[in-house]
Chemist: 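Following this message is one structure expressed as C-alpha cells.
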Amino acid sequence: MAIPNSNLSKEDAQWLINEYSKWLGKRIDRESIQQHLKAFNLIKGSKETVPSCSCQWVGASKVSESLYSQYKTEIEVIANG
C-alpha cells in the first residue's frame, strides 16, 4: 500500500522513524499533540491544525499513530533510501 504523501522526503521519513516513534503511546498534552499532528501531516501530505478542544486530542493522536503503524514499512524504505 502506497503512503498517501507521495512526496514524503527522506529527511521527514527519518524524523518519523527517529523522533515521532518516541511519542507513540505517551500521554497526550500540548507538546505531544504537536508531534502527532506533524506526523499526521507528513504522512497524509496535509496541513491540519491542532484541534481547538483538548477533548479531541486523544482521537487525533490515535489517528496519527494508526497511520504511522499502517505505513511504517513504506516510511522505513523512504528513510533508508
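This chain uses plain numbering: 1 for the first residue, then up along the sequence.
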Chemist: Any side-chain heavy atom of Lys72 within less than 4.5 Å of one from Glu76?
Modeler: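 In contact.
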
Chemist: The test is side-chain contact (heavy atoms from CB on, under 4.5 Å); show your working for His36 and Trp57 and say whether it passes.
Modeler: CA-CA 9 Å; His36 285 291; Trp57 291 0; over 6 Å; no

Chemist: Tell me whether Val50 is reachable from Val58 by hopping between hydrophobic residues (I, L, V, M, F, W, Y) whose side-chain heavy atoms are closer than 4.5 Å.
Modeler: yes

Chemist: Ala79 and Ala13: which non-hydrogen atoms are nearest, and at how many Å?
Modeler: N-CB, 3.6 Å

Chemist: Check for a donor-acceptor pair, side chain of Lys10 on one end and backbone N or O of Gly81 on the other, with a separation under 3.5 Å.
Modeler: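 Side chain of Lys10 to backbone of Gly81, a donor-acceptor pair under 3.5 Å: yes, one is there.
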
Chemist: Please report the closest heavy-atom contact between Tyr20 and Leu24, naming both atoms and the distance.
Modeler: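 Nearest pair, atom of Tyr20 first, then Leu24: CE2-CD2, 3.4 Å.
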
Chemist: Please give me the minimum heavy-atom distance between Tyr68 and Ser21, naming the atom from each residue.
Modeler: OH-CB, 3.7 Å

Chemist: Can you name the closest pair of heavy atoms from Lys44 and Leu67 and give their distance?
Modeler: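 The answer is CG-CD1, 3.6 Å.
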
Chemist: Taking the side chain as every heavy atom from C-beta outward, state whether Ile33 and Trp23 have any pair of such atoms under 4.5 Å apart.
Modeler: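 No. Closest side-chain heavy atoms not under 4.5 Å.
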
Chemist: Over all heavy atoms of both residues, which pair between Gln70 and Glu74 is shortest? Give the atoms and the distance, please.
Modeler: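 Taking Gln70 first and Glu74 second, the nearest heavy atoms are O-OE1, 4.0 Å.
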
Chemist: Can you get from Phe40 to Ile28 by hopping between Ile, Leu, Val, Met, Phe, Trp and Tyr side chains that sit under 4.5 Å apart?
Modeler: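 No, Phe40 and Ile28 fall in different hydrophobic clusters.
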
Chemist: First locate atom CG of Leu37, then atom CG of Leu42, and finally report the distance between them rounded to the nearest 0.5 Å.
Modeler: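 Those atoms lie 9.5 Å apart.
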
Chemist: Are the side chains of Leu8 and Ile43 in touch, meaning some heavy atoms are under 4.5 Å apart?
Modeler: no

Chemist: Checking Ile3 against Ile78 for the side-chain contact (heavy atoms from CB on, under 4.5 Å) test, could you report, in this order, the C-alpha distance in whole Å, the side-chain angles of both residues, the deciding distance, and whether it holds?
Modeler: CA-CA 10 Å; Ile3 191 165; Ile78 295 168; 4.3 Å; yes

Chemist: Are the side chains of Trp15 and Gln35 in contact, using a 4.5 Å heavy-atom criterion?
Modeler: yes

